[in-house]
Amino acid sequence: MKNAIVTGGAGFLGSHLCERLLEEGCRVTCIDNMVTGRPRNIEHLLGLDNFRLIRHDVTQPIEVAGEVDYILHFASPASPMDYLELPIQTLKVGSLGTHNTLGLAKAKGARYLLASTSEVYGDPLIHPQPESYWGNVNPVGPRGVYDEAKRFAEAMVMAYRRVHSVDTRIVRIFNTFGPRMRPRDGRVVPTFIQQALAGEPLSVFGDGSQTRSFCYVDDLVEGIWRLLQSDFPEPVNIGNPHEMTILQFAERILELTGSRSEIAFKPLPEDDPKTRQPDITRAREILGWEPKVDTPAGLERTIGYFRERLAETAGDPE
Ligand code: UDP
C-alpha cells in the first residue's frame with residue numbers, strides 16, 4: 001500500500017485528489033491549515049482507516065513518521081481574491097512550503113508532484129499556451145504574489161530533481177471547477193452560479209471579452225493521477241481547451257440555471273489575463289489524457305451542488 005501526503009488536502013482540488021488516492025488504494029495524509037481549505041470538504045473521509053488529517057501550516061517545518069511514497073503539494077490560496085487578501089501567505093506557501101515539502105520528499109525518498117498553474121504564463125502573448133512558453137508575468141503587480149510563487153516553486157522542484165535526484169512531476173493546472181468550490185471565493189464559476197441562483201446581477205469584469213477555458217474537476221484529477229504514474233519530469237498542462245469569453249460564460253450560466261439575473265459590468269482587475277487556453281498536446285501524447293466531461297455537463301453538476309449548498313445554508317454560504 002502506498003502512503004500519500006496531500007498538502008491543501010481540505011481544499012477544492014485537494015479534497016477530490018484525496019478521494020481519488022483512497023480509491024487507488026493509497027493511505028492518505030491530508031495536511032491543511034484551513035486558511036482557504038474547509039474541514040467540511042473532507043468530513044466524509046475522516047472516519048476511514050486509511051485517511052487522516054494533520055492541521056499544519058506547511059511553511060513551518062514538517063515532520064511525518066513512517067514511510068511516504070507520494071507527496072502532492074496543493075496547498076495555496078488559489079483564487080485571485082484570496083491571494084490578494086493573503087499575499088504573504090501565498091508567497092510563503094509557494095516558496096517555503098515547496099522547500100519544506102521537497103525536503104520531506106528527499107528525506108523519505110518520495111515521489112513529488114507540484115500543483116503549478118497556468119498563471120506561470122501570466123497575460124500570455126502566445127495562444128494557446130504550450131509548456132515551452134516562458135510567460136509574460138508582472139512580478140510587482142497584484143497577481144505577482146501567486147504567479148511568482150508558483151514560478152519559484154517550479155524552479156525549486158527542478159533544482160531538487162537535479163541536485164538531490166528527487167523524483168518529481170509538475171502539473172500546470174488551468175481553470176478548474178466543480179463541487180466544493182467556495183461560493184464566495186471570488187472566482188468566476190462559483191460567483192456567477194451563486195449570483196444566478198440568488199437572482200442577483202452577474203458581475204462581469206471589464207467588457208467580458210477576456211477568455212478562459214474551464215475543466216471539470218474529475219478530468220483534472222484523472223490527468224494528475226496519470227502524471228503521477230508516469231515518469232515524465234517536465235511540466236504538463238492539464239485543462240480543457242474549450243475556450244469562451246467571460247460574457248459567453250455568463251450567458252451560459254443564465255441558460256443552465258434558468259435565471260433571469262441581469263449582467264452588471266464591473267471594472268477589470270489589474271493584470272487580468274486577456275486570454276487563456278491550454279495546449280494539451282503533451283498531455284495527450286505522454287499521458288494519453290484529454291478531458292471527457294464537456295463544460296456544460298460539468299456545470300450542470302456544479303450548479304446542482306450549489307443549489308444544495310445554498311438550500312442547506314439558507315442562501316447564505318461562507
Ligand atoms: N471574473 C468576472 N467576474 C467575477 C469574477 C471573475 O468577470 O465575478 C472574470 C475575471 O476578470 C477573469 C475571469 O473571470 O477574467 C476568470 O476569473 P477567476 O477569478 O475565476 O480566475 P483567473 O482565471 O483570473 O485566475
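Atoms within a ligand are numbered from 1 in the order they appear, just like the ligands themselves.
Between S79 and ligand 1 there is no heavy-atom distance shorter than 4.0 Å. At least one heavy atom of R143 sits less than 4.0 Å from an atom of ligand 1. Proximity of R276 to ligand 1 is established by a heavy-atom distance of less than 4.0 Å. The shortest heavy-atom distance from F249 to ligand 1 is not under 4.0 Å.
Checking only distances, Q210 does come within under 3.5 Å of ligand 1, N or O to N or O. Checking only distances, L268 never comes within under 3.5 Å of ligand 1, N or O to N or O. On a distance-only criterion, S203 and ligand 1 share at least one N/O pair closer than 3.5 Å. At under 3.5 Å, a nitrogen or oxygen of V188, whether backbone or side chain, sits near a nitrogen or oxygen of ligand 1.
Between E43 and R40, none of the side-chain N atoms (NZ, or NE/NH1/NH2) sits under 4.0 Å from a carboxylate O, so this pair counts as no salt bridge. Between R212 and D272 there is a salt bridge, since at least one side-chain N of the basic residue sits less than 4.0 Å from a carboxylate O of the acidic one. Ion pairing between R143 and E119 holds under the 4.0 Å rule for side-chain N and carboxylate O. Salt-bridge check for E154 with K150: failed, with every basic side-chain N at 4.0 Å or more from each acidic carboxylate O.
The part of N175 lying near ligand 1 is the side chain, judged by heavy-atom distances below 4.0 Å. With a heavy-atom cut-off of 4.0 Å, K266 does not touch ligand 1 at all.
Of all atoms in ligand 1, numbered sequentially from 1 with element shown, those under 4.0 Å from a heavy atom of E119 are 25 (O). Annotation for ligand 1: atoms under 4.0 Å from non-hydrogen atoms of G186 are 5 (C). Against a heavy-atom cut-off of under 4.0 Å, I246 is close to the following atoms of ligand 1: 7 (O), 13 (C), 14 (O). The atoms of ligand 1 that sit less than 4.0 Å from any heavy atom of R187 are 19 (O), 20 (O). Atom numbering of ligand 1 starts at 1 in the shown order; those under 4.0 Å from a heavy atom of V204 are 7 (O).
Here CE of M181 is found 11.5 Å from CG of N41. Values are rounded to the nearest 0.5 Å. Atom CD of E234 is separated from atom CZ of R161 by 8.0 Å, given to the nearest 0.5 angstrom.
Scanning the protein heavy atoms around atom 11 (O) of ligand 1, the nearest turns out to be D272 OD2, 2.5 Å. Atom 7 (O) of ligand 1 has F205 N, 2.7 Å as its closest protein atom, hydrogens excluded (heavy atom only).
In this structure, F177 has its ring center closer than 6.0 angstrom to the ring center of Y216. Ring centers of F249 and F214: under 6.0 Å apart, within the cut-off.
Between the side chains of Y160 and T168, no donor-acceptor pair is found at a separation under 3.5 Å. Of the N and O atoms on the side chains of N138 and D271, at least one donor lies less than 3.5 Å from an acceptor on the other residue.
Closest heavy-atom contact between G223 and L287: O-CD1, 3.9 Å.
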